[in-house]
Amino acid sequence: MTRGTNPDSTEMFAAAMAWWRDAGLTSVLEDDPHAWLAPDESAKAPGASAPRQIKPVMPAVAPAIAEEPMPLPDNLEAFQAWWMTARELDGGRCVGRVPPRGVASPDVMIIACEPEAEDRERLLSGPEGRMIASFLKAGGISDDQVYVASVLPCHSPGTEWSAISQGAIAAALRQHVALVAPKRIIAIGGVILPLLGHGSPQAAAVSLSFNHHDATIPLLGLRRIPAPQAQARWKALVWRAWLDWTA
């Protein structure tokens, strides 16, 4: 008698293989990432000069942040509508707001810092979103089990994050999480953790919890997805953290 193949397991295995293949790993798969990452010998060569650091150019004006307490919607549908118009979040300067997506009580709530530059009607529709989607698929999480949100309502490079840790945006984020009521949270970007009551992460991935009123929700805090040349190491560390977190 021939034993059948579980389609879900096959699809999950294929997704995991695609995750590592995109990272440039095509032959060896182990839990420990260090064996896959050869050191950059060119950086140790005698007489080699250190790479020149280029300071990014920031916009002259960062989004305005309201500091006064404000009433917040007490149900998810009303909050999503408020999120698209509330001047309290940015003083009315934000252009091109992108709505969150998903339904309440999901398996996972993804929190990004801000919409991607490419986003219009769908949050995380660019390269960062595609990488997150492939990671979740490799972990066996389907789209209908995920709620996707962002801390800021629109793409806002140059935001002064330290200025909003106790302001309207922080309060809105905590209320958003409470209304979504996910089973788990993945926050992508170290600047998000202080808004949820934690310090900045000292590692690429840290396992924490979000405590709000009477609820305690497991929280996986990740550093923001790096440039392509550093993504293989980031993927390896995140995958190991995911396995430990979901064990």
Side-chain angles (χ1 to χ4, degrees), residues 59 61-126 128-129 132-133 143-198 209-219 221 224:
V61 179
I65 304 301
E67 295 295 338
E68 294 298 322
M70 60 182 176
L72 293 167
D74 59 2
N75 68 78
L76 184 57
E77 183 177 358
F79 183 94
Q80 291 172 336
W82 171 86
W83 176 259
M84 297 300 292
T85 59
R87 290 178 59 86
E88 297 94 329
L89 295 174
D90 56 16
R93 300 185 183 187
C94 186
V95 177
R97 295 192 183 200
V98 184
R101 53 185 170 90
V103 297
S105 303
D107 283 352
V108 176
M109 180 177 184
I110 298 292
I111 304 175
C113 295
E114 60 186 342
E116 296 186 76
E118 299 88 349
D119 291 349
R120 295 298 180 268
E121 297 182 357
R122 181 179 173 85
L123 184 60
L124 297 187
S125 61
E128 185 173 322
I132 294 168
D143 287 346
D144 60 0
Q145 297 173 317
V146 179
Y147 187 97
V148 181
S150 60
V151 176
L152 302 178
C154 62
H155 185 64
S156 306
T159 297
E160 181 55 56
W161 288 94
S162 61
I164 67 174
S165 61
Q166 300 300 322
I169 286 180
L173 176 62
R174 292 190 289 268
Q175 179 73 347
H176 200 171
V177 174
L179 294 175
V180 173
K183 296 181 178 66
R184 295 175 183 268
I185 302 168
I186 300 178
I188 304 175
V191 295
I192 299 175
L193 295 185
L195 308 182
L196 298 175
H198 295 282
S209 62
F210 171 65
N211 303 305
H212 189 68
H213 300 315
D214 297 328
T216 298
I217 305 172
L219 166 63
R224 201 159 183 178

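Computed over heavy atoms, backbone and side chain alike; hydrogens, waters and symmetry mates excluded. Residue numbers start at 1 and run along the sequence shown.
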Identify the two heavy atoms, one from [X] and one from [Y], that lie closest to each other, and give their separation to 0.1 Å.
X      : Y      : answer
Leu124 : Ile110 : CD1-CG2, 4.3 Å
Leu72  : Ala171 : CD1-O, 3.7 Å
Ile217 : Lys183 : CG2-O, 3.6 Å
Pro153 : Pro115 : O-CG, 3.7 Å
Ser209 : Thr216 : CB-CG2, 3.9 Å
Pro106 : Tyr147 : CG-CB, 3.6 Å

How many angstroms lie between atom [atom1] of [X] and atom [atom2] of [Y], to the nearest 0.5 angstrom?
X      : Y      : atom1 : atom2 : answer
Arg120 : His155 : CZ    : NE2   : 9.5 Å
Leu152 : Thr159 : CG    : OG1   : 5.0 Å
Arg174 : Ile169 : CZ    : CD1   : 11.5 Å
Arg224 : Glu114 : CZ    : CD    : 4.5 Å

Any donor-acceptor pair under 3.5 Å linking the side chain of [X] with the backbone of [Y]?
X      : Y      : answer
Asp119 : Ser125 : yes
Arg101 : Leu123 : yes
Glu116 : Gly129 : yes
Gln175 : Pro73  : yes

Please say whether more than 12 non-hydrogen atoms of neighbouring residues, nucleotides or ligands are located less than 6.0 Å from CG in Asp143.
no

Can you establish whether the number of heavy atoms outside Arg122 located under 6.0 Å from its atom CZ is more than 12?
no

Please say which of Phe79, Trp82, Phe210 ends up in a ring-ring contact (aromatic ring centres under 6.0 Å, His included) with His176.
Phe79

With Leu193, which residues qualify under side-chain contact (heavy atoms from CB on, under 4.5 Å), at least two apart?
Ala187, His198, Pro201, Val206, Leu208, Leu219

Test Ile111 against every option in Ile188, Leu173, Ile186, Val180 by the side-chain contact (heavy atoms from CB on, under 4.5 Å) rule and name the one that passes.
Leu173

